[in-house]
Amino acid sequence: MLSQGQLRQKDVTVKKALKLMGTRFEITVVAPNEEIGYLDIDEAVSEIERIEKMISSWDEASETSKIIKNAGIQPVKVSPELFGLIERAIKISEITDGAFDITYASMDNIWKFDGTMDRMPSEEDIQNSIAKIGYKKIVLDPDEQTVFLTEPGMRIGFGAIGKGYAADKAKELLTSKQVKGGIINASGDLTTWGTKVTGEKWLVGIANPLSKDKVFSWLPIVESSVATSGNYEKYITLNGKKYSHIIDPRTGYPTSGINSVSVFAKHAELCDALATAVFIMGKDTGVHMINQIDGVEVVVVDSDNKIHKSSGIIFDSNQ
């Protein structure tokens with residue numbers, strides 16, 4: 001008789017990488033055969049594109065663009081889905097004291113990370129830049145399902161939560177279609193379910209900030225997600241100090257002191273938002289906050305490449 005392990009071998013792993021939401025998505029599924037695997041992936045892609053249409057501020061026809069166009073003018077009725085996403089984003093702003101804030105998009109681009117910047121912006125420029133920021137200026141009406149940005153010129157953006165949300169929704173769709181296992185990886189924000197073809201758990205590695213090719217630690221992940229925010233790709237050095245491209249929406253200044261933050265939780269959306277928030281809050285405040293939240297863990301690598309982690313993370317840091 002064949003053991004269960006041998007019977008399972010009939011499944012195959014199908015993987016596809018493509019550009020969605022302006023970033024690299026890699027979708028992996030466990031399927032009975034390649035053809036079905038690619039069909040599953042196509043459905044996941046359609047779902048991600050649907051979400052992009054809803055949250056894109058570049059797409060004139062999107063619900064998000066309508067909210068922005070009517071800033072300071074009138075509330076805009078939106079789908080329950082977008083209303084829920086904005087509502088959850090505001091909750092995360094409250095938990096993180098505004099370190100995470102979707103109105104960050106109101107910031108003027110006075111910081112440039114393309115090599116053209118040679119001096120700090122003036123204090124006045126910075127204050128003007130953040131004048132329209134503040135999650136408390138988003139007014140939600142649950143009865144009418146409307147969103148209103150109270151100040152003219154205010155903007156919202158889902159850059160720090162959208163990829164995680166899209167990954168969650170793609171996973172939800174595939175699990176509803178009985179896809180046994182898989183990974184949705186939105187350039188470092190990833191969510192997994194089920195197991196590999198072999199029945200083993202998916203392993204998630206945290207990149208070593210000193211060397212992007214080296215993996216620092218592997219954590220077996222079941223039905224769980226991780227998001228990593230790192231400053232090794234985009235930063236500037238002014239007066240000998242390194243500034244990350246992640247800017248604190250409360251002060252208008254870029255963050256410093258952290259190289260990378262990886263947040264683990266059930267949903268990629270929460271991981272995505274909290275990784276940005278911890279980066280901005282700094283290692284001590286950030287780790288302390290994560291320790292207060294059930295089912296969420298964090299690993300922070302500071303600018304001296306020292307590791308700080310929340311109480312539930314156990315691994316050998318000498319790897």
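Small disclaimer: the values here were computed from a predicted structure and weren't measured. Heavy atoms only: backbone and side chains are in, while hydrogens, waters and symmetry mates are out. Numbers here simply count residues along the sequence, with the first being 1.
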task: Please say which of V261, I161, I92, V298 ends up in a side chain to side chain contact (heavy atoms under 4.5 Å, CB included) with L274.
output: I92

- request: Walk me through it: do S62 and S65 pass the test side chain to side chain donor-acceptor pair (under 3.5 Å)?
  value: CA-CA 5 Å; S62 77; S65 289; 3.2 Å; yes

message: So that I can tick it off, tell me whether E172 and K169 are bridged by a salt bridge, with the cut-off set at under 4.0 angstrom between side-chain N and carboxylate O.
response: yes

- prompt: Considering residues, nucleotides and ligands other than N239, do more than 12 of their heavy atoms fall under 6.0 Å from its CG?
  reply: no

- prompt: Does the pair T198 and E200 meet the rule for a side chain to side chain donor-acceptor pair (under 3.5 Å), with working shown?
  reply: CA-CA 5 Å; T198 57; E200 295 166 292; 2.8 Å; yes

message: Parallel, tilted or perpendicular: which one describes the rings of F113 and H245, with boundaries at 30° and 60°?
response: perpendicular

query: Taking the side chain from D302 and the backbone from H308, do they hold a donor-acceptor pair closer than 3.5 Å?
result: no

- prompt: So, does K15 use its side chain to make a donor-acceptor pair with the main chain of E26 at under 3.5 Å?
  reply: no

task: Could you tell me whether the side chain of I55 reaches within less than 4.5 Å of the side chain of Y165, counting heavy atoms only?
output: no

- prompt: Would K16 and D42 pass as an ion pair if we require N to O under 4.0 Å?
  reply: yes

- prompt: Is E60 salt-bridged to K69, going by a charged N under 4.0 Å from an acidic O?
  reply: yes

query: Does any N or O in the side chain of T285 come within less than 3.5 Å of the main-chain N or O of G282, such that one atom is a donor and the other an acceptor?
result: no

query: Should K91 and E94 count as an ion pair when the cut-off is N to O under 4.0 Å?
result: no

task: Determine, step by step, whether K112 and D114 satisfy the salt bridge (Lys or Arg N to Asp or Glu O under 4.0 Å) criterion, reporting the C-alpha distance in whole Å, the side-chain angles of both residues, the deciding distance to 0.1 Å, and the verdict.
output: CA-CA 6 Å; K112 302 267 186 262; D114 55 6; over 6 Å; no

